[in-house]
Visitor: 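Encoded as structure tokens, here's the structure I'll be asking about.
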2 protein chains.
Amino acid sequence: MPDTVRIETAKAETTTFREVMAEIIQRITEGPWGPGSLLPGEVELAEEFGVSRTTMNRALREVSELGFLDRKRKAGTRVRMAPIRQARFEMPLVRAEIEKTGAAYRYQLVSRDVILAPDWLRERMRLKARARVVHLLCLHFADGVAFQLEDRWINAQALPLATEQDFSAVGPNEWLVATVPFSEVEISFLAQAADAQMVAHLGHAPGDPVFCSERATWWQNAAVTLVTLAHRRGYRMTTRY
Amino acid sequence: MPDTVRIETAKAETTTFREVMAEIIQRITEGPWGPGSLLPGEVELAEEFGVSRTTMNRALREVSELGFLDRKRKAGTRVRMAPIRQARFEMPLVRAEIEKTGAAYRYQLVSRDVILAPDWLRERMRLKARARVVHLLCLHFADGVAFQLEDRWINAQALPLATEQDFSAVGPNEWLVATVPFSEVEISFLAQAADAQMVAHLGHAPGDPVFCSERATWWQNAAVTLVTLAHRRGYRMTTRY
DNA sequence: ATGTTTATTATGTCTACACATAAGGAGTCG
DNA sequence: CGACTCCTTATGTGTAGACATAATAAACAT
């Protein structure tokens, strides 16, 4: 026999941790491992699947990060009673969100002021008295139709550069992302009644329900920026899993 | 010298991947690795930190899962331009959400009907003609005050048990969680104008903006349940990181 | 019975090593 | 110049083995 025979070992059939994950999820969702049941130990499973314990550990860990499993030392691995308790939302830049749908993106600066922070803002951003802020109103269009109204406040003390920047060409979002280092963020979603600005720019009727997201950004305990994004009528923020 | 001296090796100083992660994040947020910069390779970093490449890989992988880094084969590891593009929301059961604030939880069934699915619902849940559904209206109270209105539809064909269940004592949410296996889920957030139900039960004025979350649940390609949760005035869904 | 220590055990993580794979870049050829 | 191949390189993932740690269960003492 020629020694080429040894090449038979092609398609090495190495079971990857992803395959193991898939099989585990299968067994949980459609198979024998119902909610609350206790899984065999890692060693036993590793043996059954023909993988090393390292790999099995990784698979189980990732499945548990998906929210399916609950793992405790000594106690073992258990299928969670309540399926998944977390929702992940991708929050791309508006530009990316619009361009992904195939629509043309356009940005427009509506107004720009450098003023003393009003009281409510001082409290919200924990600014000191007489703090100056840059106030911007911007519009984001998808194929010429207003898609999102951006109402942004920037702490001038924390970011003096912002007072010199005119945001007519490049949106504050993209500018900030390129300028400010990573920071602490607080995001909220809420429903608001359409105010004058939204009526004027987004085409709502006064008092219409508007889906808004608010984002406050901090860096080293100093507020950097606070922005409210008002979305067009009927906007939904959706995620699937 | 007594041989107890050897015990000096206590506190073995093993650098864990968590410590490495912390240091990496530090260098990104406050240190030399600004947005867009390219990190040294795993091997080099591993050497610098005095850990194995496996550990360094894990650290880098997890930091990148947090949204800080972008990793590509051959291209290397790069600091993301846009800090964090995803928001994670914990979505506990209402009961847990209310009890966490220290308030007393109370559940009340408002109405319960078994009917033919209306057209919009048939389309939304992809039910066939003449499909029967259970329609529930439920209220969740925090300290006696209406907190959330639950408008739920259950596919009677996929879940015949639901037609026999009277949901006067236990909420459909908790019942479903205990009954239905893990499933595919689609969650949306949206702003709605208060309708008659919300006015009657949540104390909104007609047309008020209401923050709603809608959740559609599937199991093996069959719709199980569709629920809309309307929140009380001023409700915000918030996350921080 | 109750509180405390001790042993056991399943998961958590580290190491060293090897091979797989994607993708940038150089070189080649038309 | 463009399209192709091939090489190189950084990350991706697998293995075996060892020790760490948390948490239960058993043994013990009060």
Side-chain angles (χ1 to χ4, degrees), chain A residues 6-25 27-28 32-33 36-81, chain B residues 6-25 27-28 32-33 36-81:
Chain A
R6 272 189 272 138
I7 305 184
E8 272 179 346
T9 34
K11 277 260 173 178
E13 289 286 350
T14 50
T15 319
T16 88
F17 80 95
R18 284 172 199 284
E19 296 176 70
V20 177
M21 278 181 69
E23 171 65 20
I24 290 173
I25 291 178
R27 291 194 190 179
I28 293 173
W33 296 340
S37 63
L38 179 70
L39 269 59
E42 284 185 348
V43 233
E44 193 177 333
L45 283 173
E47 205 170 328
E48 186 204 324
F49 279 76
V51 298
S52 69
R53 185 170 88 88
T54 316
T55 300
M56 182 51 73
N57 179 283
R58 168 118 194 236
L60 287 166
R61 173 159 39 87
E62 303 239 340
V63 173
S64 110
E65 267 166 24
L66 286 178
F68 288 102
L69 296 173
D70 220 3
R71 316 195 74 200
K72 271 202 315 215
R73 277 166 168 153
K74 168 73 182 181
T77 304
R78 214 169 261 285
V79 180
R80 270 226 170 85
M81 294 301 295
Chain B
R6 269 191 274 138
I7 304 185
E8 272 177 347
T9 34
K11 277 259 173 179
E13 289 286 349
T14 50
T15 319
T16 93
F17 81 95
R18 284 172 201 283
E19 296 176 70
V20 177
M21 277 181 71
E23 171 66 20
I24 290 173
I25 291 178
R27 291 195 191 178
I28 294 174
W33 295 341
S37 63
L38 180 69
L39 269 61
E42 285 184 348
V43 228
E44 193 176 333
L45 283 173
E47 206 170 327
E48 186 203 325
F49 280 75
V51 298
S52 70
R53 185 170 87 89
T54 315
T55 300
M56 183 51 73
N57 178 281
R58 169 116 193 237
L60 287 166
R61 174 158 40 87
E62 303 239 338
V63 173
S64 111
E65 268 167 23
L66 287 178
F68 288 102
L69 295 173
D70 222 4
R71 317 195 71 201
K72 270 202 317 210
R73 279 168 168 151
K74 167 73 183 180
T77 304
R78 214 168 261 286
V79 179
R80 271 228 171 83
M81 292 303 294

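Letters A, B, ... are given to chains in the order of the sequence lines, protein chains preceding strands, and every chain is numbered from 1.
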Visitor: May I have the distance from Leu60(A) (atom CG) to dT11(C) (atom P), rounded to whole angstrom?
Guide: 7 Å

Visitor: Show me the protein contacts with nucleotides 21-25 of chain D, counting only N or O atoms at under 3.5 Å.
Guide:
residue : atom : partner  : partner atom : Å
dT21(D) : O3'  : Arg73(A) : NH1          : 3.4
dT21(D) : O2   : Arg73(A) : NE           : 3.2
dA22(D) : O4'  : Arg73(A) : NH1          : 3.3

Visitor: Can you measure Leu38(B) atom CG to dT9(D) atom P for me and round it to whole angstrom units?
Guide: 15 Å

Visitor: One thing to verify: whether Asp70(B) and Arg80(B) come together as a salt bridge, which I'm taking to mean a side-chain N less than 4.0 angstrom from a carboxylate O.
Guide: yes

Visitor: Expressed as a whole number of angstroms, how long is the span from Asp70(A):CG to dG12(C):P?
Guide: 10 Å

Visitor: Nearest-Å distance, CZ (Phe49(A)) to C1' (dG14(D))?
Guide: 16 Å

Visitor: Take Asn57(A) and Arg71(A) through the test side chain to side chain contact (heavy atoms under 4.5 Å, CB included) and record every step on the way to the result.
Guide: CA-CA 11 Å; Asn57(A) 179 283; Arg71(A) 316 195 74 200; 4.1 Å; yes

Visitor: Would you classify Arg18(B) as touching base, sugar-phosphate or nothing, given that sugar-phosphate means primed atoms plus P, OP1 and OP2, and contacts are heavy atoms under 4.0 Å?
Guide: sugar-phosphate

Visitor: Considering only side-chain heavy atoms of Thr16(A), which listed nucleotide, dT11(C), dT13(D), dG12(D), is closest?
Guide: dT13(D)

Visitor: Just how far, in rounded Å, is C1' of dT13(D) from CE of Met56(A)?
Guide: 15 Å

Visitor: Which nucleotide sits closest to the side chain of Arg53(B): dG14(D), dG12(D), dC14(C)?
Guide: dG12(D)

Visitor: OP1 or OP2 of dG12(C) versus the side-chain N and O atoms of Arg71(A): is any pair under 4.0 Å?
Guide: yes

Visitor: Examine dT11(D): is either OP1 or OP2 under 4.0 Å from a nitrogen or oxygen in the side chain of Thr77(B)? Give yes or no.
Guide: yes

Visitor: Are any of Thr54(B)'s side-chain N or O atoms less than 4.0 Å away from OP1 or OP2 of dC17(C)?
Guide: no

Visitor: Write down the atom of Trp33(A), the atom of Val79(A), and the distance for their closest heavy-atom approach.
Guide: O-CG2, 3.8 Å

Visitor: Toward the 5' end of DNA chain D, which comes first, Gly76(B) or Arg58(A), by nearest nucleotide?
Guide: Gly76(B)

Visitor: Expressed in angstrom and rounded to an integer, what is the separation of Glu65(A) atom CD from dG12(C) atom P?
Guide: 10 Å

Visitor: Give a yes or no on whether the backbone of Thr16(B) and the side-chain of Glu19(B) come within a donor-acceptor separation of less than 3.5 Å.
Guide: yes

Visitor: Can you give the donor-acceptor pairs under 3.5 Å from side chains of residues 59-69 of chain B to other protein atoms, not counting sequence neighbours?
Guide:
residue  : atom : partner  : partner atom : Å
Glu62(B) : OE2  : Arg58(B) : NE           : 3.1
Glu62(B) : OE2  : Arg58(B) : NH2          : 3.4
Ser64(B) : OG   : Arg61(B) : O            : 3.3

Visitor: Once you round it to whole Å, what is the distance between P of dT13(D) and CG of Asn57(A)?
Guide: 15 Å

Visitor: List the residues meeting side-chain hydrogen bond (donor to acceptor under 3.5 Å, both in side chains) with Ser52(B), not counting sequence neighbours, and say none if there are none.
Guide: Thr55(B)

Visitor: Thr55(B) side chain: which of dA16(D), dG12(D), dC14(C) is closest?
Guide: dC14(C)

Visitor: Distance check needed: dA22(C) P versus Glu42(B) CD, whole Å only.
Guide: 17 Å

Visitor: Tell me if a side-chain donor or acceptor on Arg78(B) pairs with a main-chain N or O of Gly36(B) at a distance below 3.5 Å.
Guide: yes

